[in-house]
Amino acid sequence: MPGQLQERVILETSSHGRALMVRCHAGGGLPYAHVTRGDALSYRGLILDFGGVLTTRMRLNGEAFERSEGLTPGAYFHALEEHPDGVRVYADLEVGRATQEEWNRVIGGILGVDPTDLMRRALANLRPEPAIVAAAERARSAGIKVAMLSNSFGLEPFNPYKEPGMYQGFDAMVLSEVERVRKPSTAIYQRTLDALDLTGPECVFVDDHAKNLPPAEALGITTIHHTDAAVTAARLDELLFQTATRTATQ
């Protein structure tokens, strides 16, 4: 039926679990969600990335920022991902070695735009992702702990995590700036588990960057590579609601 999971294909096996591909159909069809399953018999925790998972897509936000600032298409992404000064200051911001205002100055200088409160402008088009927020709320209602794990955008002068409408119902918030370590370091996943007082096999982690998943999997965490909100939400419901039902009947 439309909107329901129709089939599951086991792709491979490994020492830490099974990789699953789930196909969904709705209208013209939804894309696949890639899931690497840990060994848990039940899940008690959900760990969600912020930008691009709990929010709308980062790429779309960046493209909207380029248009609003009159930049050449691709200029913002080049500044963040390829320009050596931009790469350095972003990495430093994420682990607390640089302030958000330093990021504003460096990225503003590369782009040739006013650096004043630049991070706020750069993230102005991020919105909560309704399907994922609703999935998080369903998980908490079922008694599952929910954590946000984010490579930080900085907290001052602009705190994107406290913007109106952003989901706040977390049992733990783990920010790389505070922890002084960022994804994909295994250490930050372990600290998230510690904050939830759970083990890896008890948790599911969702991130839109594939490179961030293997270190979580090494701790026994079931991972979902997020590419489509509807698919991810459906997969979370399948994993977590079955868990909650099974736990309630034990």
Side-chain angles (χ1 to χ4, degrees), residues 47-59 61-66 69 71 74-126 147-163 166-168 170-196 200 205-219 221 223 226:
I47 305 168
L48 298 168
D49 177 39
F50 177 72
V53 175
L54 278 162
T55 76
T56 47
R57 307 300 291 179
M58 294 297 295
R59 173 69 52 176
N61 170 79
E63 291 170 350
F65 169 69
E66 289 176 338
E69 297 286 329
L71 296 170
Y76 178 58
F77 301 103
H78 179 272
L80 299 183
E81 300 168 3
E82 299 181 41
H83 193 288
D85 292 340
V87 171
R88 175 192 54 77
V89 77
Y90 212 155
D92 286 348
L93 174 68
E94 288 181 332
V95 296
R97 287 193 300 262
T99 66
Q100 190 182 96
E101 290 182 323
E102 288 176 286
W103 184 94
N104 291 343
R105 288 194 295 272
V106 172
I107 300 300
I110 294 169
L111 296 175
V113 300
D114 180 5
T116 306
D117 214 9
L118 182 59
M119 183 67 82
R120 185 186 302 272
R121 304 202 317 271
L123 299 181
N125 292 281
L126 275 190
M148 181 188 74
L149 170 58
S150 177
N151 280 354
S152 183
F153 296 102
L155 300 173
E156 294 179 344
F158 172 62
N159 185 344
Y161 308 105
K162 297 295 186 181
E163 278 296 279
M166 291 299 179
Y167 183 62
Q168 301 296 324
F170 301 110
D171 296 282
M173 292 179 63
V174 180
L175 301 177
S176 62
E177 174 184 4
V178 176
E179 300 299 327
R180 305 286 173 158
V181 64
R182 62 178 181 160
K183 296 179 289 184
S185 170
T186 303
I188 200 165
Y189 301 102
Q190 185 59 58
R191 292 180 194 180
T192 306
L193 295 174
D194 292 344
L196 291 173
F205 170 55
V206 183
D207 200 289
D208 58 335
H209 291 285
K211 69 178 182 180
N212 290 335
L213 303 180
E217 293 159 15
L219 295 173
I221 300 171
T223 64
H226 173 74

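Keep in mind it's a predicted model, so treat the numbers as computed, not measured.
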Undergrad: So, for Val95 and Arg180, which heavy atoms are closest and what is the spacing to 0.1 Å?
TA: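 Nearest heavy atoms, Val95 then Arg180: O-CD, 3.1 Å.
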
Undergrad: Do we get Arg121 above Phe158's six-membered ring, with its NZ or CZ under 6.0 Å from the centre and within 45° of the axis?
TA: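 No cation-pi geometry.
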
Undergrad: I'd like to know if the side chain of Ser176 and the backbone of Ser152 have a donor-acceptor N/O pair within less than 3.5 Å.
TA: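 Judged by distance alone, yes, a pair lies under 3.5 Å.
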
Undergrad: Is there a side-chain contact between Tyr167 and Met148, using heavy atoms and a 4.5 Å cut-off?
TA: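 No, their side chains stay 4.5 Å or more apart.
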
Undergrad: Checking Asn61 side chain against Ala122 main chain: does a donor-acceptor pair fall under 3.5 Å?
TA: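 Present.
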
Undergrad: List the atom of Val106, the atom of Asp85, and the distance in Å for their closest heavy-atom pair.
TA: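 Smallest heavy-atom distance, with atoms named: CG1-O, 3.8 Å.
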
Undergrad: Ile221 vs Leu193, test: side chain to side chain contact (heavy atoms under 4.5 Å, CB included). Steps then yes/no.
TA: CA-CA 10 Å; Ile221 300 171; Leu193 295 174; 4.1 Å; yes

Undergrad: So which heavy atom on Ile110 is nearest to which on Gly86, and how close?
TA: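 Closest approach of Ile110 to Gly86: CD1-N, 3.6 Å.
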
Undergrad: Using 30° and 60° as the class boundaries, would you call the ring planes of Trp103 and Tyr76 parallel, tilted or perpendicular?
TA: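 Perpendicular: the ring planes of Trp103 and Tyr76 meet at over 60°.
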
Undergrad: Can you tell me how far NZ of Lys162 sits from CD of Gln168, rounded to the nearest 0.5 angstrom?
TA: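 So the CD of Gln168 and the NZ of Lys162 are separated by 4.5 Å.
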
Undergrad: Side chains of Thr56 and Leu126, heavy atoms from C-beta outward: is any pair under 4.5 Å?
TA: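 Yes - at least one pair of side-chain heavy atoms lies under 4.5 Å apart.
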
Undergrad: Could you tell me whether the side chain of Glu163 and the main chain of Pro160 form a donor-acceptor pair under 3.5 Å?
TA: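 No; judged by distance alone, with no hydrogens or angles, the pair does not exist.
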
Undergrad: State, with a plain yes or no, whether a side-chain heavy atom of Arg88 is found less than 4.5 Å away from one of His83.
TA: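 Arg88 vs His83: side chains apart.
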
Undergrad: When you compare the side chain of Glu63 with that of Phe77, does any pair of heavy atoms fall below 4.5 Å?
TA: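 Counting from C-beta outward, Phe77 and Glu63 do come under 4.5 Å.
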
Undergrad: Measuring from atom CG of Asn104 to atom CG of Asp117, what distance do you get when rounded to the nearest 0.5 angstrom?
TA: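 Here the rounded value is 6.5 Å.
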
Undergrad: Between Thr55, Val206, Asp208, which is the residue that forms a side-chain contact (heavy atoms from CB on, under 4.5 Å) with Asp49?
TA: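 The option that passes is Asp208.
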
Undergrad: Tell me which one of Arg120, Met119, Glu156 satisfies side-chain contact (heavy atoms from CB on, under 4.5 Å) with Gln100.
TA: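 Testing each of Arg120, Met119, Glu156 against Gln100, the sole residue satisfying side-chain contact (heavy atoms from CB on, under 4.5 Å) is Met119.
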
Undergrad: Looking only at heavy atoms, what is the nearest atom pair of Ala79 and Ile107, with distance?
TA: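 Smallest interatomic distance, heavy atoms only, reads O-CD1, 4.2 Å.
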
Undergrad: Looking at Ala172 and Leu196, what are the two nearest heavy atoms and their distance?
TA: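 The answer is CB-CD2, 4.1 Å.
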
Undergrad: From Phe170 CZ over to Tyr161 OH, what is the distance, rounded to the nearest 0.5 angstrom?
TA: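 Between Phe170 CZ and Tyr161 OH, I get 10.0 Å after rounding to 0.5 Å.
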
Undergrad: Under 3.5 Å, is there a donor-acceptor pair between the Gln190 and Asp194 side chains?
TA: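 Gln190 vs Asp194: donor-acceptor pair found between side chains.
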
Undergrad: Check whether any side-chain heavy atom of Ile47 sits under 4.5 Å from a side-chain heavy atom of Val174, and report yes or no.
TA: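 When only atoms from C-beta onward are counted, Val174 and Ile47 do not touch, as no gap falls below 4.5 Å.
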
Undergrad: Do the side-chain N and O atoms of Thr223 and Glu217 include a donor-acceptor pair separated by under 3.5 angstrom?
TA: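 A pair is found: one side chain offers a donor N or O, the other an acceptor, under 3.5 Å apart.
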
Undergrad: Drop me the distance from Ser150's OG to Met173's CE, to the nearest 0.5 angstrom.
TA: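 If I round to the nearest 0.5 Å, the distance is 8.0 Å.
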
Undergrad: With a 4.5 Å heavy-atom cut-off, do Asn212 and Tyr189 have their side chains touching?
TA: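 Yes. Closest side-chain heavy atoms under 4.5 Å.
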
Undergrad: To the closest 0.5 Å, what do you measure between CD (Glu69) and CG (Leu111)?
TA: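 The distance works out to 8.0 Å.
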
Undergrad: Under a 4.5 Å cut-off applied to non-hydrogen side-chain atoms, are Pro157 and Glu101 in contact?
TA: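 Side-chain contact under 4.5 Å: yes.
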
Undergrad: Hey, are the side chains of Phe205 and Thr192 touching, using non-hydrogen atoms and a 4.5 Å cut-off?
TA: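 Heavy-atom side-chain distance check fails, nothing below 4.5 Å.
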
Undergrad: Output the distance between atom CG (Asn151) and atom CD (Glu179), rounded to the nearest 0.5 Å.
TA: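 Interatomic distance, Asn151 CG to Glu179 CD, rounded to 0.5 Å: 11.5 Å.
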
